[in-house]
Amino acid sequence: MSSLNTMGSLVTQVILNADEELRYPSPAELQMLQNFCKTGERRIRIAEILAKNETDIVQRGCQRFWKRCPITPSNMGNPRRTASCQRDQGWYVRLVAYCILAGNEQPMIDIGTLGMKEMYISLGIPLANWVVAVQCLKEEAIALLGEEDAAEATPYFDHIIQALAAPGAPYFVNDGTEAY
């Protein structure tokens with residue numbers, strides 16, 4: 001998947017590469033496009049499943065998260081905070097669906113992960129908790145999708161987890177202590 005990191009879309013990238021070299025797409029590039037198109041119905045089906053079940057994934061993911069991290073801003077009786085956290089969790093599920101549709105993680109990079117860590121830090125939101133929360137969303141999505149379809153979604157959830165977990169500025173873990 002990392003080779004796809006720099007691609008907007010596979011179709012766009014093949015055309016841009018060919019045009020840059022003043023040629024038509026090569027047989028290998030056309031084969032890549034054909035393979036991408038073959039998986040289109042499957043990718044659309046998976047994205048639809050995530051979209052139709054986003055609320056359930058978030059609700060069940062929150063329950064799972066609160067069992068693991070019972071002391072968290074989203075679980076302290078403030079409905080506004082809980083709703084904000086669940087809104088963001090739904091947004092991450094949507095970003096995963098975008099990536100599945102695109103067949104790469106570029107939508108995540110372009111609109112999802114850039115600056116999110118810094119935003120949560122500036123708001124005083126514990127990043128360690130977010131890592132666990134996204135892991136819980138991933139687990140709920142995997143349970144819903146089944147093994148084969150989950151293999152399509154898992155790398156994108158992992159991308160979010162890694163973006164939040166990567167070392168950076170200090171952040172607070174579940175018990176309020178600082179960690180890196």
Measure the spacing between [atom1] of [X] and [atom2] of [Y] and express it to the nearest 0.5 Å.
| X | Y | atom1 | atom2 | value |
| --- | --- | --- | --- | --- |
| Leu33 | Ile15 | CG | CD1 | 7.5 Å |
| Leu127 | Glu118 | CG | CD | 9.0 Å |
| Leu101 | Ile46 | CG | CD1 | 9.5 Å |
| Leu10 | Glu29 | CG | CD | 9.0 Å |
| His159 | Cys99 | NE2 | SG | 7.5 Å |
| Gln106 | Ile111 | CD | CD1 | 10.0 Å |

Has Glu20 got more than 12 heavy atoms of other residues, nucleotides or ligands less than 6.0 Å from its CD?
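No.
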
More than 12 foreign heavy atoms under 6.0 Å from CZ of Arg23: is that the case here?
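Buried by this count: over 12 neighbours within 6.0 Å.
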
As a test of understanding, state which of Asp110, Ile109, Asn104 forms a side chain to side chain contact (heavy atoms under 4.5 Å, CB included) with Pro107.
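Result: among Asp110, Ile109, Asn104, Asn104 is the only option passing the side chain to side chain contact (heavy atoms under 4.5 Å, CB included) with Pro107.
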
Classify the side-chain pair Gln13/Asn17 by whether it contains a donor and acceptor separated by less than 3.5 Å.
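There is such a pair between these side chains.
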
Provide the full list of salt bridge (Lys or Arg N to Asp or Glu O under 4.0 Å) pairs with a residue in residues 125-140, sequence neighbours left out, each pair given once.
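Residue pairs with at least one partner in residues 125-140: Arg60-Glu140, Arg64-Glu139, Arg64-Glu140, Arg68-Glu139, Lys138-Asp158.
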
Can [Y] be reached from [X] by stepping across I, L, V, M, F, W or Y side chains whose heavy atoms are under 4.5 Å apart?
| X | Y | value |
| --- | --- | --- |
| Val134 | Leu123 | yes |
| Ile161 | Leu95 | yes |
| Ile44 | Leu144 | no |
| Ile57 | Val131 | yes |

At their closest point, which heavy atom of [X] faces which heavy atom of [Y], and how far apart are they?
| X | Y | result |
| --- | --- | --- |
| Ile49 | Asn53 | O-ND2, 2.7 Å |
| Ala153 | Leu145 | CB-CD1, 3.8 Å |
| Val14 | Pro25 | CG1-CB, 3.8 Å |

Between [X] and [Y], is any pair of side-chain heavy atoms under 4.5 Å apart?
| X | Y | result |
| --- | --- | --- |
| Tyr156 | Met108 | yes |
| Tyr120 | Leu164 | yes |
| Ile160 | Met116 | yes |
| Phe65 | Cys85 | no |
| Asn129 | Pro73 | yes |
| Ser74 | Gln86 | no |
| Trp66 | Thr82 | yes |
| Phe36 | Met32 | no |

Tell me whether [X] contacts the main-chain N or O of [Y] through its side chain, where contact means a donor paired with an acceptor under 3.5 Å.
| X | Y | result |
| --- | --- | --- |
| Glu54 | Ala51 | no |
| Asn75 | Pro70 | yes |
| Asn78 | Arg81 | yes |
| Thr72 | Cys69 | no |

Sidechain N-carboxylate O distance under 4.0 Å for Arg43, Glu48:
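So Arg43 does not pair with Glu48 through a salt bridge.
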
Applying ring-ring contact (aromatic ring centres under 6.0 Å, His included), can you list everything that pairs with Phe157, at least two apart in sequence or on another chain?
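Here no residue qualifies.
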
What verdict does the side chain to side chain contact (heavy atoms under 4.5 Å, CB included) test give for Ile125 and Met119, after you've listed the backbone C-alpha separation in whole Å, the side-chain angles of each residue and the deciding distance to 0.1 Å?
CA-CA 9 Å; Ile125 297 173; Met119 177 190 70; over 6 Å; no

In terms of relative ring orientation, are Trp130 and Tyr92 parallel, tilted or perpendicular, with 30° and 60° separating the classes?
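Rings of Trp130 and Tyr92: perpendicular, over 60°.
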
